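Reckoned from all heavy atoms, side chains included, excluding hydrogens, waters and symmetry mates. Fair warning: this is a prediction, and the values are worked out from it, not measured in the lab. Each ligand, and each atom within it, is numbered from 1 in the order the structure gives.
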Amino acid sequence: MTNPLLSDWTTPYGLPPFDAITDDDYPPAVDAALAEARANIAAIADSPEPPTFANTIEAMERAEGTLNRVLGAFYNVAGADSNARREALQRDFAPLLSAYGSEITENKALFARVEAVWQGRDDLDLTDEQARVLMLTRRGFVRSGAQLQGAEAARLREVKSRLSVLGTEFTQNLLADERDWFLPLAEDDLEGLPDFVIATARAAGEEKEAGGPVVTLSRSLIVPFLQFSARRDLRQKAYQAWGARGANGGKTDNRAIAAEILKLRQERASLLGYNSFADYKLETEMAGTPQAVRDLLMQVWEPAKAAAESDARALERMLHAEGFDGPLEPWDWRYYAEKRRKDLHDLDEAELKPYLQLDRMIEAAFACANRLFGLEFTPADGPVYHPDVRLWEVTRKGEHIALFIGDYFARGSKRSGAWCSAMRSQHRLDAEVRPLVVNVCNFAKPEKGKPALLSYDDARTLFHEFGHALHQMLSDVTYESISGTSVARDFVELPSQLFEHWLEVPQVLSEFATHAETGEPMPSALLDKVLGAATYDMGFQTVEYVASALVDLGFHDGPAPADPMQRQEEILQEIGMPRAIRMRHATPHFAHVFAGDGYSSGYYSYMWSEVMDADAFAAFDEAGDPFDPATAKRLEETVLSSGGSVDAADLYTQFRGRLPGVEALLKGRGLDKAA
Ligand SMILES: [Zn+2]
């Protein structure tokens with residue numbers, strides 16, 4: 001029998017034939033697809049023809065067609081509907097795929113052909129998109145060390161492999177520190193804690209076999225404990241343990257590891273010809289340079305610090321009113337901020353929930369996409385990997401645009417969080433290929449016959465992932481490697497975070513946020529509360545985040561510090577860190593930066609994206625209509641359809657007429673009126 005993953009898919013919309021695929025089909029399909037990709041790559045590298053754009057770059061774009069198809073199906077089910085077998089297969093496939101990836105970047109004959117095309121590019125009459133794909137392909141090789149020879153190439157391999165060992169140790173130490181510490185709570189230690197925190201503390205106590213409730217260092221327990229515990233002594237104890245993760249001395253201490261990681265990253269950057277690791281990392285990003293990142297962060301830092309200092313004075317007065325002397329401490333902030341929040345915006349989630357029905361919120365997202373981009377969504381049939389999965393065909397003026405796949409409910413077989421992926425990406429190298437786009441969420445499944453209800457955060461998540469889906473669905477490029485969301489890391493969250501803004505458009509909520517039983521629209525007083533609560537305590541949140549981002553940048557933007565802890569203190573001194581706020585992630589537990597390369601010199605990118613989405617939505621405000629057709633058309637023609645075919649900063653400038661400014665973000669976070 002033929003393997004259904006490898007046969008032609010004659011299913012509706014070319015979906016993977018999930019009804020015919022069994023888990024036993026994946027390993028032979030991955031083996032066959034890898035063998036095919038290797039043969040394709042070898043044929044390119046060993047070709048007797050002189051290298052051309054078509055026989056080298058375009059041929060590479062085609063080389064992994066089968067592999068992409070098989071892995072698109074596999075990783076979709078491995079994330080959204082896993083089982084022990086699929087988990088084992090993920091572990092089996094990871095080293096195979098990583099070995100294949102290294103083989104390509106280390107293939108000297110292949111790189112020689114890419115380099116020859118690159119050197120001759122001026123005479124090739126390439127389109128802008130082709131020139132961009134060529135540049136990106138060559139840059140990928142160069143950045144992984146393809147130009148290095150002999151001892152330097154060997155040293156780069158050593159550095160990379162040591163960095164991967166250190167990243168794993170850093171993570172494991174952190175997990176050990178988080179696992180080992182807990183604080184038992186006697187009955188009168190529970191003062192001030194709401195029922196849900198007590199229940200979480202009891203469950204944690206059972207898990208630790210502590211014979212009663214405990215506080216652990218898990219974020220979902222310690223943060224509410226710090227918010228609600230009336231016991232200042234216990235808050236201090238718990239907070240200090242939380243802050244000491246990775247810095248407790250002994251076997252699990254991460255400080256020496258952090259220093260070694262920074263030193264090796266600098267060496268890696270200089271082997272590859274960069275001045276600093278930040279220069280290396282930011283080359284592929286929209287920000288481009290460390291200076292651009294620092295400029296942006298500092299523009300946000302000063303108003304955020306002013307807002308936080310003004311909030312600190314209000315919280316300190318509350319502390320003194322309760323009979324404590326001395327300054328507000330870091331373990332006091334969340335407690336008094338929570339009390340103040342209750343006074344200022346008492347938002348009851350239970351009151352809000354009946355207004356946020358999943359099906360109505362899906363309709364709202366579709367309606368926004370219709371008003372903005374003319375897209376229409378019709379329920380469709382086809383093979384699915386789980387009965388909860390829903391399909392919609394997306395069309396515009398009768399023309400097929402994409403298949404949209406919604407998988408909304410939580411289940412044990414789904415990993416946590418929410419994401420958007422494409423089982424097939426848009427491209428048209430040989431024929432027009434339209435995408436299969438998936439949104440996966442973890443919303444609570446209702447009892448049979450009851451409507452599914454969302455929290456406001458859930459509704460925001462739905463809009464967020466749908467924004468990523470639009471980026472995939474509206475993609476209009478020739479080459480798959482730059483399709484849809486294949487863009488710089490600090491640009492990829494723009495479409496998703498931007499789309500969240502339409503949830504806050506009053507006419508959208510008043511039309512689609514209707515009560516599950518009465519059908520009444522959400523009262524405007526409730527709507528105002530929702531929107532008001534969203535900007536509360538933003539001074540604190542911005543300060544703890546930006547401080548971490550500045551320390552991350554300071555670590556990588558120049559010679560590696562011999563003592564990262566000392567360097568961290570210097571940076572915090574320089575920026576004038578408020579005393580009652582600490583970094584969101586201090587160095588010994590800053591996993592974003594040290595557990596792997598992903599967010600090193602990249603922690604800023606969350607803020608970068610927020611600056612952009614606020615600034616981009618302001619374009620609709622300026623046009624006087626959240627659905628202004630001309631602005632929507634420009635958004636599609638620049639940001640949403642171009643994928644990575646144009647540099648992100650150029651795309652943004654085409655949309656907005658200039659680069660993003662921070663004003664709209666400061667206004668959105670309520671930081672523009674800081675004292
Ligand atoms: Zn996202």
Distance to the ring centre below 6.0 angstrom and angle to the axis at most 45 degrees; does that hold for R360 and F512? no

Apply side chain to side chain contact (heavy atoms under 4.5 Å, CB included) to H427 and list each qualifying residue two or more places apart in sequence or on a separate chain. V433, E480

With the Zn ion (ligand 1) at the center, what angle do NE2 from H464 and NE2 from H468 span, rounded to 10 degrees? 100°

N/O/S atom of E493 under 2.8 Å from the Zn ion (ligand 1), yes or no? yes

Return each pair, listed once, that meets salt bridge (Lys or Arg N to Asp or Glu O under 4.0 Å) where at least one residue sits in residues 598-611; pairs must be two or more places apart or across chains. E610-R669

Looking at the Zn ion (ligand 1), is one of the N, O or S atoms of C420 less than 2.8 Å from it? no

Which of these, D81, D407, D388, sits in a salt bridge (Lys or Arg N to Asp or Glu O under 4.0 Å) with K414? D407

